[in-house]
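Worksheet: the structure to be examined is printed underneath.
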Protein chains: 2
Amino acid sequence: MNLTDSIKRTTLHEELVERLRDLVVEDVLKPGEKVPEKQLCDSLGVSRTPLREALKVLASEGFVILQANRGARVASVTREELENTFPVLAALEQLAGELACRNLEPAEIEWIETCHKAMLQAYRARDRQAYFKANQDIHQALIRGARNDILENHHKLLAARVRRARFMANLSEERWAQAIEEHETMMAMLRVENAEGLGQIMKLHMMNKLAALVKALETEEETAN
Amino acid sequence: MNLTDSIKRTTLHEELVERLRDLVVEDVLKPGEKVPEKQLCDSLGVSRTPLREALKVLASEGFVILQANRGARVASVTREELENTFPVLAALEQLAGELACRNLEPAEIEWIETCHKAMLQAYRARDRQAYFKANQDIHQALIRGARNDILENHHKLLAARVRRARFMANLSEERWAQAIEEHETMMAMLRVENAEGLGQIMKLHMMNKLAALVKALETEEETAN
DNA sequence: AAACGTAATTATGAATTCATTATTCAGTCA
DNA sequence: TGACTGAATAATGAATTCATAATTACGTTT
């Protein structure tokens with residue numbers, strides 16, 4: 001363990017940024033909902049100052065929207081925003097795939113293989129929870145493997161921003177099978193160290209995810225009308 | 001034009017975010033330099049509260065680094081960070097090029113042609129100031145043309161983060177000629193509406209810029225030693 | 001009863017105050 | 001002389017206070 005890690009220097013506002021972001025991402029604070037400062041202060045046991053600092057940061061990250069003298073609202077993930085965010089995410093994943101392929105060490109590739117197997121097992125058992133977990137581990141390992149903090153940070157923010165989308169539309173059986181296929185291709189590319197290929201399939205994987213989401217949202221809209 | 005632009009910015013902290021970011025980008029606040037809150041408050045005529053809110057935002061954007069109980073320091077743009085940032089910027093520009101090629105309207109392309117001509121003229125006159133201006137206008141128009149706010153925001157942040165690099169290393173005659181060549185290719189791709197081609201050359205353009213920068217930094221280091 | 005206008009209440013932006021942590025610097029001792 | 005101790009000072013994190021803008025509630029008018 002690193003020596004600096006043992007000294008925990010955590011400020012209230014940093015803690016709040018994480019907590020509040022989680023509340024938004026996990027859909028506890030609903031989109032469009034007002035975020036009354038006093039109420040949050042009471043329930044979190046802090047004063048308004050660090051809370052407001054945290055809200056400013058979350059606003060710059062796009063999770064909430066601030067209007068002067070009118071407070072903060074949870075930003076809603078519109079379909080347009082999904083359609084804007086996924087291509088950017090796809091571009092970042094493509095780059096990550098290319099870089100990771102060149103930088104990953106054998107032990108890390110082994111770990112990804114392990115996650116991949118766990119994911120396949122979860123798929124066969126139709127265990128969504130386990131599937132999402134393994135899936136996320138794989139993508140995170142690949143992003144990490146790119147050895148690029150800037151890439152990692154921006155990817156993390158964008159991914160969090162659209163994570164709620166999985167609450168919006170459940171995975172169809174058809175899309176699920178397709179996603180598994182794509183992951184198989186990813187592993188194949190990784191094994192033969194085809195950097196461009198891995199990048200390509202990761203980009204495609206993300207864009208297909210968007211297409212499936214949009215399709216699911218459309219049928220949902222039709223059902224609602 | 002963004003809808004939020006029509007709402008007048010009245011809060012101090014938003015103003016401060018812009019002002020302070022400019023001070024960092026324009027190298028008025030030097031990398032590694034401490035940012036004493038009181039001093040800044042006095043010179044800007046505001047209290048610590050909005051200033052600190054602004055610093056939190058700038059920290060999340062990567063322009064300053066906050067250490068608990070030790071204040072804020074201007075983040076230094078290390079060579080490693082340049083080498084991490086440019087590939088991400090390149091990926092975003094590639095995406096922007098592809099999207100812009102499909103979405104730009106004739107009037108916008110006309111405007112880009114105008115900027116391109118101005119850029120060529122500035123090059124012939126070896127007018128760096130005018131060259132940078134026209135160059136920036138072109139890139140901005142292309143990013144805007146992608147019609148993707150998320151892309152635009154992330155690009156803007158990353159571009160600002162490395163803008164100081166142009167203070168670090170001046171454009172060599174050789175690189176300048178190469179950059180002009182790349183811009184000519186960009187225009188050619190734009191004219192024939194080759195989206196992938198435009199994306200490719202914009203990505204390459206950015207990576208070549210990085211290579212030139214690194215080279216310039218290396219010779220600078222040698223000179224220093 | 002509906003619509004408008006004004007007063008009361010509430011929420012927010014910003015300044016100030018308080019408490020705690022770093023830093024500086026003088027003094028002591030080896 | 002140089003390194004360590006500890007008090008004095010300065011800077012930061014967070015709470016509180018104050019001023020102002022927004023919202024609500026109420027009463028008046030038609």
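So that the names make sense, note that chain A is the first sequence line, chain B the second, and so on, each numbered from 1. Note that the structure is predicted; figures quoted are calculated from it, not measured.
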Can you give me the dot-bracket string for DNA chain D, 5' to 3', counting Watson-Crick and G-U wobble pairs with both distances under 3.5 Å, using [ ] for crossing pairs and | for partners on another strand? ||||||||||||||||||||||||||||||
Would you kindly give the CG-to-C1' distance between B:Leu12 and D:dA21, to the nearest whole Å? 15 Å
Do any N or O atoms of the protein come closer than 3.5 Å to N or O atoms of nucleotides 6-8 of chain C, and which pairs are they?
none

For C:dA15, does the base pair up with any side-chain atom of B:Thr49 as donor and acceptor (N or O, under 3.5 Å, distance only)? yes
Find the distance A:Leu55:CG to C:dA11:P and express it as a whole number of Å. 15 Å
Please encode protein proximity along nucleotides 5-12 of chain D as a string of B, S and -, counting only heavy-atom distances under 4.0 Å. -------B
Between B:Glu218 and B:Lys215, is there a salt bridge with N-O shorter than 4.0 Å? no
Give me the atom names and distance for the closest heavy-atom approach of B:Leu20 to B:Leu58. CB-CD1, 3.3 Å
Grab the two heavy atoms, one from B:Val214 and one from B:Glu83, that are nearest each other, plus how far apart they are. CG2-OE2, 3.8 Å
A:Arg175, CZ atom: more than 12 neighbouring heavy atoms under 6.0 Å: yes
Whole-Å distance, A:Leu44 CG to D:dA14 P, equals 14 Å
Intermediate values then yes/no, side chain to side chain donor-acceptor pair (under 3.5 Å), B:Glu81 and B:Thr78: CA-CA 5 Å; B:Glu81 196 184 332; B:Thr78 64; 4.6 Å; no
Once you round it to whole Å, what is the distance between P of D:dT24 and NZ of A:Lys34? 6 Å
Just how far, in rounded Å, is P of C:dA11 from CG of A:Leu51? 14 Å
If you look at every heavy atom in B:Phe63 and B:Ala160, which pair is closest and at what distance? CZ-CB, 3.8 Å
Note: B:Trp176 and B:Asp127 closest approach over all heavy atoms is CH2-N, 4.3 Å
Could you measure the distance from the CD1 atom of A:Ile65 to the CG atom of A:Leu55? Nearest 0.5 Å is fine. 12.5 Å
At their closest point, which heavy atom of A:Pro50 faces which heavy atom of A:His13, and how far apart are they? O-CB, 3.8 Å
Interatomic distance where CD belongs to A:Glu53 and C1' belongs to C:dT12 [whole Å]: 15 Å
Return the value, rounded to whole Å, for the distance between atom NE2 of B:His13 and atom P of C:dA15. 14 Å
Between B:Ala146 and B:Asn103 the two heavy atoms that sit nearest each other are O-ND2, 3.5 Å
Heavy-atom neighbours of B:Glu33 CD exceed 12 at 6.0 Å: yes
Between C1' of D:dA14 and CD of A:Glu15, the distance in whole Å: 15 Å
